J.: 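Pasting a structure below so you can have a look.
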Amino acid sequence: MYHGKYEFLDFISGDVSVNYEVLGTDERPIVSPNKKLKTYHSFLNLFVFQHLLVNEDVVFSYRKGTRVLDAVIRHAANRYFYQTDLSNFFQSLKTPVIKQTIEESLDRFAVDDVGSHIDRIIDLVTIDGSMPVGFSTSPHISNGCLYHFDNRLQEYCHQGGLVFTRYSDDLIISSDNKESLQGIDKTVGGILQDLFADDLTINEGKSKFSSRGQKIKLLGLVIHHDGNVSVDSKLKQDVEVLLHFYLNDRKRFLDKLDGDAKGGIERVSGYLNYIGTVDPDYLDKLRKKYGLTVVDMFFHRSATLG
């Protein structure tokens, strides 16, 4: 596939530990692979991990053609909401569950002999027996590892008239009936315990019940009283302030971005691309207010401070 640029012998048996470095802190390590390991990961994503079994009815992360909006809009008609996330998500997924996940999808892969090399594949995508933050393989593997969890929680919610969606480690469950959400946190925790023992748990500190009448904010989006979903007003305000200063006062623009011109331009670009996927009408309003050229320069990361 790579025209002899990389050796298959190294791919299948080389020392993985020399191909990455650990950044960040001990509490929040981020692993940075070198170019060679990134290439190996791209190959594995293309031929293996993008084909793992995934419950596409409820999972909207790390899949082509899906957006945060898709995970939120399913809940727009309901009145009561439960949100939580999974603690130390990637790092909590260990070698045994990764191996089982790959084995259960063997008949879906384009490569015939994956089953003969599972242990090596796991060596290429894990560190000290768990998935790291920073490898491009971790998101796809995580979706596959939660396949049975997603199925079981979906079935429970279906029987109780609840709506369930997941976006990466964020879980949202909603209902039009308050009583039907009672005990849902214990149900979710019980399914996790059954499938992952103590390795994967819900983050109690980020678990939250809410209801219409309050501000319903899910994954950075807001569900309004009429059921419409839009970008949070705080993000809109921040973007408009940055665009205003970019046009009228470059020094204050840089001050808002702590003097980091390149990072700031990427941040504004990220905001606008996010808005474009969620609320394209608002993006058009920004184009009319601040100019098509300026907004689209940021949108495509071609803006400058010259």
Side-chain angles (χ1 to χ4, degrees), residues 28 59-63 65-78 81-86 89 133 139 165-172 174 203 205-305:
R28 297 180 66 85
V59 181
F60 298 96
S61 51
Y62 316 131
R63 292 177 45 226
T66 61
R67 307 165 295 170
V68 170
L69 177 63
D70 299 317
V72 173
I73 204 165
R74 298 279 187 96
H75 304 273
N78 283 333
F81 307 86
Y82 170 70
Q83 305 172 61
T84 192
D85 67 18
L86 303 172
F89 184 37
V133 174
T165 61
R166 178 172 67 81
Y167 195 91
S168 187
D169 58 346
D170 287 293
L171 313 179
I172 307 171
S174 67
N203 188 338
K206 292 188 177 180
S207 299
K208 178 183 178 182
F209 287 92
S210 56
S211 61
R212 290 289 178 88
Q214 303 170 290
K215 182 179 183 179
I216 304 301
K217 187 176 179 180
L218 306 174
L219 302 179
L221 303 180
V222 175
I223 298 178
H224 298 283
H225 295 294
D226 59 3
N228 286 326
V229 178
S230 70
V231 178
D232 188 15
S233 58
K234 176 65 167 58
L235 177 59
K236 291 181 178 180
Q237 180 181 349
D238 290 345
V239 168
E240 295 215 29
V241 167
L242 288 168
L243 289 174
H244 171 78
F245 285 140
Y246 179 81
L247 285 169
N248 299 289
D249 191 332
R250 297 293 174 85
K251 184 179 183 302
R252 293 193 68 181
F253 176 80
L254 277 174
D255 289 343
K256 287 284 184 181
L257 302 171
D258 300 320
D260 182 4
K262 181 180 178 182
I265 287 171
E266 290 181 353
R267 188 196 309 178
V268 178
S269 174
Y271 289 160
L272 292 174
N273 276 273
Y274 175 71
I275 289 170
T277 65
V278 175
D279 194 346
D281 290 341
Y282 179 64
L283 189 64
D284 287 339
K285 289 180 181 178
L286 292 176
R287 289 186 174 111
K288 291 176 182 177
K289 185 172 182 179
Y290 298 100
L292 178 68
T293 302
V294 169
V295 171
D296 282 357
M297 278 196 309
F298 276 109
F299 191 82
H300 298 293
R301 283 191 173 90
S302 59
T304 69
L305 288 177

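None of the values given here were measured: they were computed from a predicted structure.
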J.: Applying salt bridge (Lys or Arg N to Asp or Glu O under 4.0 Å), can you list everything that pairs with K285, at least two apart in sequence or on another chain?
T.: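 Salt bridge (Lys or Arg N to Asp or Glu O under 4.0 Å) check on K285 returns nothing, list empty.
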
J.: Output the distance between atom NE2 (H75) and atom CD1 (I172), rounded to the nearest 0.5 Å.
T.: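 Interatomic distance, H75 NE2 to I172 CD1, rounded to 0.5 Å: 4.5 Å.
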
J.: Under the ring-ring contact (aromatic ring centres under 6.0 Å, His included) rule, what pairs show up with a residue in residues 208-239, not counting sequence neighbours?
T.: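 Residue pairs with at least one partner in residues 208-239: Y82-F209.
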
J.: How far does NE2 of H300 sit from CG of L272, to the nearest 0.5 angstrom?
T.: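 Taking NE2 in H300 and CG in L272, the distance rounds to 10.5 Å.
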
J.: What residues, two or more places apart in sequence or in another chain, satisfy side-chain hydrogen bond (donor to acceptor under 3.5 Å, both in side chains) together with K251?
T.: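 Here the qualifying residues are D255.
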
J.: Enumerate the residue pairs fulfilling salt bridge (Lys or Arg N to Asp or Glu O under 4.0 Å) with a member in residues 264-274, sequence neighbours excluded, ordered by first and then second residue.
T.: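 Residue pairs with at least one partner in residues 264-274: there are none.
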
J.: Between D238 and K234, is the closest basic N to carboxylate O distance under 4.0 Å?
T.: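 Yes, charged N to carboxylate O under 4.0 Å.
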
J.: Applying side-chain hydrogen bond (donor to acceptor under 3.5 Å, both in side chains), can you list everything that pairs with N78, at least two apart in sequence or on another chain?
T.: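 Per chain and number, N78 pairs via side-chain hydrogen bond (donor to acceptor under 3.5 Å, both in side chains) with S174.
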
J.: Tell me whether the NZ or CZ atom of R250 lies within the 45° cone about the ring axis of Y246 and under 6.0 Å from its centre.
T.: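 Yes, R250 lies over the aromatic ring of Y246.
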
J.: Is any side-chain heavy atom of R212 less than 4.5 Å from a side-chain heavy atom of I223?
T.: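 A side-chain contact exists here, since the closest heavy-atom pair is under 4.5 Å.
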
J.: How would you list, by chain and number, every residue that makes a side-chain hydrogen bond (donor to acceptor under 3.5 Å, both in side chains) with D258, sequence neighbours excluded?
T.: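 Expected list: none.
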
J.: Taking salt bridge (Lys or Arg N to Asp or Glu O under 4.0 Å) as the definition, give me every residue that meets it alongside D249, ordered by chain and number, with sequence neighbours left out.
T.: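 Scan of D249 (salt bridge (Lys or Arg N to Asp or Glu O under 4.0 Å), adjacent residues dropped) gives none.
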
J.: How would you list, by chain and number, every residue that makes a side-chain contact (heavy atoms from CB on, under 4.5 Å) with S269, sequence neighbours excluded?
T.: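 S269: side-chain contact (heavy atoms from CB on, under 4.5 Å) contacts with N273, R301.
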
J.: Distance from Y62 atom OH to Y167 atom OH, nearest 0.5 Å?
T.: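 So the OH of Y62 and the OH of Y167 are separated by 7.0 Å.
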
J.: Taking it one step at a time, do R287 and D296 satisfy side chain to side chain contact (heavy atoms under 4.5 Å, CB included)?
T.: CA-CA 8 Å; R287 289 186 174 111; D296 282 357; 2.8 Å; yes

J.: Which donor-acceptor pairs under 3.5 Å do side chains of residues 275-282 form with protein atoms, sequence neighbours excluded?
T.:
| residue | atom | partner | partner atom | Å |
| --- | --- | --- | --- | --- |
| T277 | OG1 | Y274 | O | 2.8 |
| D279 | OD1 | Y282 | N | 3.3 |
| Y282 | OH | E240 | OE2 | 2.7 |

J.: With sequence neighbours excluded, what pairs up with R63 under the side-chain contact (heavy atoms from CB on, under 4.5 Å) test?
T.: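 Applying side-chain contact (heavy atoms from CB on, under 4.5 Å) to R63 gives V54, E56, F60, T66, N143.
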
J.: When you compare the side chain of L242 with that of F298, does any pair of heavy atoms fall below 4.5 Å?
T.: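 Counting from C-beta outward, F298 and L242 never come under 4.5 Å.
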
J.: With R67, which residues qualify under side-chain hydrogen bond (donor to acceptor under 3.5 Å, both in side chains), at least two apart?
T.: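 Checked R67 against side-chain hydrogen bond (donor to acceptor under 3.5 Å, both in side chains); matches are D70.
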
J.: Only counting residues at least two apart or in another chain, list the ones meeting salt bridge (Lys or Arg N to Asp or Glu O under 4.0 Å) with D85.
T.: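 D85: salt bridge (Lys or Arg N to Asp or Glu O under 4.0 Å) contacts with K206.
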
